[in-house]
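This report refers to the structure that appears directly beneath it.
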Amino acid sequence: QVQLVESGGGLVQAGGSLRLSCTASGTILSINDMGWYRQAPGKQRELVARITSGGSTNYADSWKGRFTISRDNAKNTVYLQMNSLKPEDTAVYYCNAEIVSKRGFYTDRRTYWGQGTQVTVSS
């Protein structure tokens, strides 16, 4: 019923930039926090950045200064601008959001994950 779809991943050389987008669709009443996570082969999924409905941001220290998270509430979309990319940034990047949706006469509040988008940084 509610889906998150990521786009913008691909292959880029070290030092390059990419902009990831994630759009939520469905019977959405409101979206609370949204965020980006990444997972490399053999490693745990880790936080990149999160942003609240009011625009407050939280970054993992290792990405501060290179990555920027933003959102467009009117479009139900969150973005991740990635600059100065390094080979170590190669991973699948996942969108995450806490969403309140309508189910008949009731509302449902839960966390959703996107399918992921591959980012590959070559040296």
Side-chain angles (χ1 to χ4, degrees):
Q1 185 173 351
V2 174
Q3 294 183 337
L4 299 177
V5 179
E6 303 102 330
S7 63
L11 176 65
V12 64
Q13 289 186 323
S17 299
L18 286 174
R19 190 193 192 199
L20 306 183
S21 299
C22 173
T23 299
S25 63
T27 55
I28 297 172
L29 297 178
S30 64
I31 301 177
N32 298 320
D33 287 8
M34 304 185 78
W36 288 96
Y37 295 73
R38 72 182 189 184
Q39 187 169 21
K43 299 183 65 177
Q44 291 185 321
R45 189 171 299 185
E46 61 183 344
L47 171 70
V48 177
R50 294 194 65 80
I51 184 168
T52 69
S53 60
S56 297
T57 58
N58 181 34
Y59 296 91
D61 289 341
S62 60
W63 292 289
K64 288 183 177 179
R66 294 196 299 123
F67 292 2
T68 302
I69 189 171
S70 61
R71 65 189 289 171
D72 186 337
N73 291 330
K75 297 180 179 180
N76 291 333
T77 299
V78 62
Y79 305 94
L80 183 68
Q81 179 67 47
M82 304 186 294
N83 299 321
S84 301
L85 285 164
K86 306 173 182 179
E88 308 92 271
D89 296 322
T90 296
V92 177
Y93 285 72
Y94 295 91
C95 177
N96 171 273
E98 296 178 356
I99 298 175
V100 180
S101 62
K102 182 176 178 63
R103 290 183 178 271
F105 296 109
Y106 304 96
T107 59
D108 186 24
R109 186 176 186 272
R110 65 172 66 182
T111 298
Y112 294 87
W113 289 94
Q115 80 285 355
T117 184
Q118 177 70 47
V119 172
T120 302
V121 184
S122 64
S123 60

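Note that the coordinates shown come from a computational prediction; the quantities given were computed from them, not determined experimentally.
Side chain of Glu6 to backbone of Gly116: a donor-acceptor contact under 3.5 angstrom is found. Thr90 places a side-chain N or O within 3.5 Å of a backbone atom of Val121 that can act as its donor or acceptor partner.
Atom OH of residue Tyr37 and atom OH of residue Tyr93 lie 14.5 Å apart, to the nearest 0.5 angstrom. Atom-to-atom distance recorded for Ser123:OG and Glu88:CD is 9.5 Å, nearest 0.5 angstrom. Separating the CZ atom in Arg109 from the CD1 atom in Ile99 is a distance of 11.0 Å, to the nearest 0.5 Å. Ser53 contributes atom OG, which lies 11.0 Å from atom CE of Met34 (distance to the nearest 0.5 angstrom). Separating the CG atom in Leu29 from the OG1 atom in Thr107 is a distance of 6.5 Å, to the nearest 0.5 Å. The CG atom of Asn32 sits 13.0 Å away from atom CD1 of Ile51, with the distance rounded to the nearest 0.5 Å.
Residues Leu47 and Ala60 come closest through the heavy atom pair O-CB, 3.6 Å. Contact detail for Arg45 and Trp113: the closest heavy-atom pair is NH1-CE3, 3.2 Å. Among all heavy-atom pairs drawn from Ala14 and Pro87, the shortest one is CB-CD, 4.1 Å. Across Gly114 and Tyr94, no two heavy atoms sit closer than the pair O-CD2, 3.6 Å. Residues Asn96 and Thr111 come closest through the heavy atom pair ND2-CG2, 3.0 Å.
Geometrically, Arg71 does not engage Tyr79 in a cation-pi contact defined by less than 6.0 Å to the ring centre and at most 45° from the axis.
Ion pairing between a basic and an acidic side chain is recognised when a charged N comes within 4.0 Å of a carboxylate O; Arg38 and Asp89 show such pairing.
Cys22 pairs with exactly one of Val5, Leu80, Val78 by the side-chain contact (heavy atoms from CB on, under 4.5 Å) rule, that one being Val78.
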- Message: Between Arg66 and Tyr59, is the side-chain hydrogen bond (donor to acceptor under 3.5 Å, both in side chains) condition met? List the steps.
- Response: CA-CA 10 Å; Arg66 294 196 299 123; Tyr59 296 91; over 6 Å; no
- Query: How far apart are the C-alpha atoms of Asn83 and Ser17, what are their side-chain angles, what is the distance that settles it, and do they pass the side-chain hydrogen bond (donor to acceptor under 3.5 Å, both in side chains) test?
  - Reply: CA-CA 4 Å; Asn83 299 321; Ser17 299; 2.9 Å; yes
- Task: Under the side chain to side chain contact (heavy atoms under 4.5 Å, CB included) rule, what do Ser101 and Tyr106 come out as? Steps first, then yes or no, please.
- Result: CA-CA 9 Å; Ser101 62; Tyr106 304 96; over 6 Å; no
- Criterion side chain to side chain contact (heavy atoms under 4.5 Å, CB included) on Thr120 and Val12, from CA distance to verdict: CA-CA 6 Å; Thr120 302; Val12 64; over 6 Å; no
- Query: Step by step, would you call Thr27 with Gln1 a side-chain hydrogen bond (donor to acceptor under 3.5 Å, both in side chains)?
  - Reply: CA-CA 7 Å; Thr27 55; Gln1 185 173 351; 2.5 Å; yes
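Between Arg110 and Val2, every side-chain heavy-atom pair lies at or beyond the 4.5 Å cut-off.
Judged purely by distance below 3.5 Å, without hydrogens or angles, the side chains of Gln39 and Gln44 never pair a donor atom with an acceptor atom.
Linking Ile, Leu, Val, Met, Phe, Trp and Tyr whenever their side-chain heavy atoms come within less than 4.5 Å leaves Leu85 and Val92 in two separate clusters. Follow the hydrophobic side-chain contacts under 4.5 Å out from Leu20 and you reach Ile31 in the same cluster.
Within a 6.0 Å sphere centred on NZ of Lys102, heavy atoms belonging to other residues, nucleotides or ligands number more than 12.
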